Q: 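Mind having a look at this structure? Questions to follow.
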2 protein chains.
Amino acid sequence: MEEYKIKTKVVGVDISNELTTYAIVDIRGNIIAEESFLTCGYSDVNNFVTALSDKIVNLVEANGGYETIRSIGVSSPSASSVSGCIENAANLPWKGIVPLSAMLRDRIGLAVGLSNDAHVSALGEYTFGCAHGMKNFIILSLGVGIGSCFFTAGDDHIGHNGYAGEFGHTCVVKNGRACGCGHTGCLESYVGAAGIINTAKELMAESEAPTIMRNLEKLSPRTIKECCDQGDEMAIEVYRRTGEMLGLGLANYASLVDPEAIILTGGISHAGKWLLDPTCKSFEEHVFGNLRGKVKMLVSKLEDRERDVLGASALAWSVPEYSLFK
Amino acid sequence: MEEYKIKTKVVGVDISNELTTYAIVDIRGNIIAEESFLTCGYSDVNNFVTALSDKIVNLVEANGGYETIRSIGVSSPSASSVSGCIENAANLPWKGIVPLSAMLRDRIGLAVGLSNDAHVSALGEYTFGCAHGMKNFIILSLGVGIGSCFFTAGDDHIGHNGYAGEFGHTCVVKNGRACGCGHTGCLESYVGAAGIINTAKELMAESEAPTIMRNLEKLSPRTIKECCDQGDEMAIEVYRRTGEMLGLGLANYASLVDPEAIILTGGISHAGKWLLDPTCKSFEEHVFGNLRGKVKMLVSKLEDRERDVLGASALAWSVPEYSLFK
């Protein structure tokens, strides 16, 4: 008979197009140790998995040893929790179908749960953030891409193929702007980072009006937001148009899902009132009448990387424990 | 101690703007007896509930008696299963908030479950129709209004306020056609019965081209479909445009929900290939890339009223049994 041991820690891994972060997290959600490395340093995914495994093993051995770790949870863009694969990721160095879950499990000998970044974010917000206790909510990740996930009856909705929540690629303007995905009029082409920059360029091209945006060395959602803070009318109009599109898209989303709250996360949510006010206005104008005034619009209070690592740790607890020797 | 009796039948009630149908259904889904009356005959909801109760009691007494009935399930437009009320129904004679579930329960002394027509339809399709065994699917009811419901992980998604699935009032054209709900560009204003008629009128006004639609005594989705069957190009174009909008809306819906299948029900689904072909084409053009070719588009094989009464009976089984004397 096997000896029964309670393993009190998990590893949470957050893969993004810039950094891969891995942390040991205890059963109370305390981050015991955390390290990061550059994702783009590994153009071959086999090398990436080898490096990630070695780094995790080193961190684990320095912090209580392998026997104390129950499992691993991994967050990645374009990951499907149904197939355990990263599939056709637009923003990662590895193309096609990557069976990351199985690769990491085989290398490290621990159970691995994989899910896409928006789902893991939702899990983090549900377990440790402002969605705690909510059964039905939508979480958005607003950055380079627009990810989302929704919870129904206290559980995240995964979908039949593991792709639920592709909010960024819903169409808000028929035959509108070209999107990186090959379609036109996708929400992401208006509300993603590049979309906001394009709106700023369009506005500057349309009018001769003065704006300090013309003096910026680099247009970005952050620098445009700083112009808003200085009272720049055209910069404020950039976020007004962005919020108008986001509010319309969210109204459609909410009319289908009927959430208690919508929670905004990610870099672009830091634009604060410049984005939030026009988003709420457009949302209330477009949402199904019986829901008007009923859906809370919240900005996450968790730091993005903290939420994602904690979310990945929550995912790790949800996968069945695995033993090489059973 | 109470005697333990197994009650082997339930009552399913389907309220629509035209007819109210009520049936006794046994535990195997056989309809034992069924009757209908005109909903619009009762402008006062108290009179409606009194009449409905009396009619149900009569039917029950003629078919085995009150002691054999476990509970009642009711399907109605604009009903919320969270509040147990019909709320601000656009197409029923009773305005405002109607606590139908409690009114019927108090009058008849049986547990009553109430849910909106799209949810009950989905339950019927799930229990007795082509969604049987599916865990994630969308069901549409295409008629005067456009209702919908989706199942996640084998359960229908109700939403925080009981309003999930208001697909007809998602916006497909920003600042588009005026909709009965007060908004503009709602899917229903293009794909609902009145929307299809408006598209036909627009096309006839735009062009001098010959069409037998000009000779119709009454334009309706059904008569326009009959023109398609005769090879009328303009009538075919009416359904092509309708399908283009429906496919776009469904692509957005599916990108969020990632269903195994989309099931079309209701009068307008009887347009068959004239609607289905352009809907599928537009759907595949707009849906998130990783889902392309993966979502089945099905037309329900159940007769509409049969599905709704059977769905209401499935709802009845799901509510806790109730006793006046406990």
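The sequence lines fix the lettering, A, B, ..., with proteins before strands; numbering per chain opens at 1. Being a predicted model, the structure only gives us computed values, none of them experimental.
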Q: Return yes when atom NZ of A:Lys95 has more than 12 non-hydrogen atoms of other residues, nucleotides or ligands closer than 6.0 Å, and no otherwise.
A: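 More than 12 within 6.0 Å, yes.
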
Q: Using residues 242-255 of chain A as the side-chain source, report each donor-acceptor pair under 3.5 Å to any protein atom, sequence neighbours left out, with the distance given to one decimal.
A:
residue	atom	partner	partner atom	Å
A:Thr242	OG1	A:Val238	O	2.7
A:Glu244	OE2	B:Lys174	NZ	3.2
A:Asn252	OD1	B:Cys171	N	2.7
A:Asn252	ND2	B:Cys171	O	3.0
A:Tyr253	OH	A:Ser148	OG	2.7
A:Ser255	OG	A:Ala251	O	2.9
A:Ser255	OG	A:Phe288	N	3.2

Q: Which pair of heavy atoms, one from B:Asn161 and one from A:Lys294, lies closest together, and at what distance?
A: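 Shortest heavy-atom separation between B:Asn161 and A:Lys294 comes out as OD1-CD, 3.8 Å.
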
Q: How would you list, in number order, the residues of residues 81-89 of chain B that have a heavy atom less than 4.5 Å from chain A?
A: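 Contacts with chain A: B:Glu87, B:Asn88.
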
Q: Below 3.5 Å, can you tabulate the donor-acceptor pairs from side chains in residues 185-196 of chain B to any protein atom, sequence neighbours excluded?
A:
residue	atom	partner	partner atom	Å
B:Glu188	OE1	B:Ile146	N	3.0
B:Ser189	OG	B:Cys186	O	2.6
B:Tyr190	OH	B:Arg177	N	3.0

Q: With chain A, which of B:Val287, B:Val257, B:Leu256 has the greatest number of heavy-atom pairs at distances under 4.5 Å?
A: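 Looking at each option in turn, the highest pair count goes to B:Leu256.
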
Q: Using non-hydrogen atoms and a 4.5 Å limit, figure out which bit of B:Val295 sits close to chain A: side chain, backbone, both or neither.
A: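 Neither part.
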
Q: Is it the case that the side chain of B:His183 and the backbone of A:Glu285 share a donor-acceptor pair, with hydrogens and angles ignored and the cut-off at 3.5 Å?
A: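 Yes: the side chain of B:His183 pairs with the backbone of A:Glu285.
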
Q: Does a donor on one side chain sit under 3.5 Å from an acceptor on the other, for B:Tyr163 and A:Asp258?
A: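 There is no such pair between these side chains.
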
Q: Donor-acceptor pair, distance only, cut-off 3.5 Å: does the side chain of B:His157 make one with the backbone of A:Thr152?
A: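 Judged by distance alone, no pair lies under 3.5 Å.
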
Q: When only pairs under 4.5 Å are counted, which of A:Val172, A:Leu291, A:Asn290 shares the most heavy-atom pairs with chain B?
A: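 That would be A:Asn290.
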
Q: Kindly write out the residues that satisfy side-chain hydrogen bond (donor to acceptor under 3.5 Å, both in side chains) with B:Lys296, not counting sequence neighbours, or none if the list is empty.
A: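 Here the qualifying residues are B:Glu260.
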
